[in-house]
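In this chain, residues are counted from 1 in sequence order. Since we're looking at a predicted model, the values are computed, not measured.
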Amino acid sequence: QVQLVESGGGLVQPGGSLRLSCVVSGNIFSIAAMGWYRQAPGKERELVARIFNAGSVHYTDSVKGRFTISRDNAKNTVYLQMNSLKPEDTAVYYCNAAVFRSIRTDYWGQGTQVTVSP
C-alpha cells in the first residue's frame, strides 16, 4: 500500500555531508509520520529523526544540531540532511512510514549504506 525508495548514501570523510532522499508512493494519505532509522553492524536499529503530518519533528540526541529532516509534499519526498558526519554515523539508513488504523503498521525502504571513513 505504501512504497519507499531511498537514495543518497555513499562514502564520505569525517566532517563531510550527505543528503538522503526517500520518495513515497501508494496510499500516502494514510501515513501519520515519516522517519529515518539506522542500523550499524552488531547494533539494534535506532530512530534517527521523525516528522509528523502536523509538522513536529524529533531527533535522537546523538544527531541533534547535525542532522535535519524535512519533506516536500509536492514531490512526495522526505529528506535527511546530514552534516558534520562522524565515523560512528556509519550504518545502513532506512526510510520509514508509519500508518495508524486500529494498530500501527510500518513500511520500510530497502536501506542505503552510509560510510564515514578517512
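Annotation: side chain of Val63 is not in contact with side chain of Trp36 (no heavy-atom distance under 4.5 Å). With a 4.5 Å cut-off on side-chain heavy atoms, His58 and Leu47 count as touching. Taking the side chain as every heavy atom from C-beta outward, Leu18 and Val114 approach each other to under 4.5 Å. Ser30 places a side-chain heavy atom less than 4.5 Å from the side chain of Arg101. With contacts defined as side-chain heavy-atom distances shorter than 4.5 Å, the pair Gln1/Tyr107 qualifies.
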Carefully, step by step, assess Phe52 and Val57 under the rule side-chain contact (heavy atoms from CB on, under 4.5 Å). CA-CA 6 Å; Phe52 291 89; Val57 297; over 6 Å; no

Residues Asp72, Tyr79; criterion side-chain contact (heavy atoms from CB on, under 4.5 Å); working and verdict: CA-CA 8 Å; Asp72 185 336; Tyr79 303 95; 4.1 Å; yes

Passes side chain to side chain donor-acceptor pair (under 3.5 Å), Tyr94 versus Gln110? Steps please. CA-CA 7 Å; Tyr94 297 91; Gln110 69 178 34; over 6 Å; no

Please lay out, stage by stage, how Gln3 and Val23 fare under the test side-chain contact (heavy atoms from CB on, under 4.5 Å). CA-CA 8 Å; Gln3 296 83 43; Val23 179; over 6 Å; no

Walk me through it: do Gln13 and Ser117 pass the test side-chain contact (heavy atoms from CB on, under 4.5 Å)? CA-CA 5 Å; Gln13 295 186 120; Ser117 179; over 6 Å; no

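For the residue pair Glu6 and Thr112, no side-chain donor N or O sits within less than 3.5 Å of a side-chain acceptor on the partner. Counting only N and O atoms by type, the side chains of Tyr93 and Arg38 include a donor and acceptor under 3.5 Å apart. Under the 3.5 Å distance criterion, with hydrogens and angles disregarded, a donor-acceptor pair is assigned to the side chains of Asn83 and Ser17.
Checking Ile51, Val24, Asn76 one by one against Arg71, the side-chain contact (heavy atoms from CB on, under 4.5 Å) holds for a single residue, Ile51. For the side-chain contact (heavy atoms from CB on, under 4.5 Å) test with Val78, the passing option among Leu20, Ile31, Ile69 is Ile69; the others fail.
Side-chain atoms of Thr90 do not come within 3.5 Å of backbone N or O of Glu88 as any donor-acceptor pair.
Electrostatic pairing of Asp61 and Lys64 counts as a salt bridge here, judged by a charged N lying under 4.0 Å from a carboxylate O.
Tyr37 has its ring centre less than 6.0 Å from the ring centre of Trp108.
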